[in-house]
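Just below is one structure, and these are the notes that go with it.
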Amino acid sequence: ISMFTLPSPRTQLISTLSRIRHEWQDAAGSNSLIEVDGNMGMLLADLINGIDLGTTEQVQVLGADLYQELKDLLHSPAHNN
């Protein structure tokens, strides 16, 4: 029997959501997240990446059009600088 147990899926999800919130707070600076205008597509991208969804699952969550838009954006030269 291992001394270490893997966190439950719920615990992993809570940790992922918390990490994403911290990243968004860092990006918002001193502004409240309630008052910050956000990009919902990027928020969804953060979520699906944070919970390690496979490609098929990502397309299912985002829809084919948004999935392709995000894929194009994340692989564009301007975004990679």
Side-chain angles (χ1 to χ4, degrees):
I1 300 175
S2 173
M3 292 176 49
F4 301 101
T5 58
L6 294 174
S8 71
R10 184 177 184 92
T11 300
Q12 290 175 323
L13 181 59
I14 290 168
S15 176
T16 297
L17 292 172
S18 178
R19 180 182 48 78
I20 291 169
R21 177 185 49 82
H22 283 285
E23 290 173 4
W24 279 72
Q25 282 179 314
D26 289 345
S30 62
N31 296 324
S32 165
L33 287 181
I34 296 290
E35 297 172 2
V36 171
D37 289 332
N39 180 319
M40 292 308 299
M42 292 306 291
L43 174 59
L44 287 170
D46 284 348
L47 290 172
I48 64 170
N49 287 327
I51 57 177
D52 294 325
L53 294 182
T55 302
T56 302
E57 295 165 319
Q58 290 178 24
V59 173
Q60 185 177 358
V61 169
L62 298 174
D65 291 342
L66 181 56
Y67 173 82
Q68 190 61 51
E69 285 180 61
L70 287 170
K71 186 175 172 186
D72 293 345
L73 173 69
L74 294 175
H75 293 95
S76 71
H79 188 269
N80 292 322
N81 288 338

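Residue indices begin at 1 and follow the sequence shown. Because the structure is a prediction, the values reported are computed rather than measured.
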Subject >> D52 side, atom CG; Q58 side, atom CD - distance, nearest 0.5 Å >> reply: 9.5 Å
Subject >> Distance (rounded to the nearest 0.5 Å) between L62 CG and I48 CD1 >> reply: 4.0 Å
Original post:
Where the side chain of S76 meets the backbone of L73, is there a donor-acceptor pair that is under 3.5 Å apart?
Top reply: yes
Subject >> E35 side-chain N/O to S32 backbone N/O, donor-acceptor pair under 3.5 Å >> reply: no
Subject >> Residue Q68 excluded, over 12 heavy atoms near CD under 6.0 Å >> reply: yes
Original post:
Do the non-hydrogen side-chain atoms of V36 and W24 ever get within less than 4.5 Å of each other?
Top reply: no
**OP:** Check whether any side-chain heavy atom of M42 lies under 4.5 Å from a side-chain heavy atom of L74, and answer yes or no.
**Re:** yes
Original post:
Taking the side chain as C-beta and beyond, is there a heavy-atom pair between T55 and Y67 under 4.5 Å?
Top reply: yes
**OP:** Indicate, with yes or no, if I14 and L43 share a hydrophobic cluster defined by side-chain heavy-atom contacts under 4.5 Å among Ile, Leu, Val, Met, Phe, Trp and Tyr.
**Re:** no
Original post:
Which distance, rounded to the nearest 0.5 Å, do you find between the CG of L70 and the CG of N39?
Top reply: 7.5 Å
Subject >> Check: T16 side chain, Q12 main-chain N or O, donor-acceptor pair, under 3.5 Å >> reply: yes
Subject >> Derivation and outcome, side chain to side chain contact (heavy atoms under 4.5 Å, CB included), residues L47 and I51 >> reply: CA-CA 6 Å; L47 290 172; I51 57 177; 5.6 Å; no
Subject >> Closest non-hydrogen atom pair, I20 against D46 >> reply: CD1-O, 3.3 Å
**OP:** Starting at CG of L17, measure out to NE2 of H22 and round the result to the nearest 0.5 Å.
**Re:** 11.0 Å
**OP:** Please round to the nearest 0.5 Å and tell me the distance separating atom CD of E23 and atom CD of Q25.
**Re:** 11.0 Å
**OP:** Treat each ILVMFWY residue as a node, draw an edge where side-chain heavy atoms are under 4.5 Å apart, and state whether M40 and L33 are in one component.
**Re:** yes
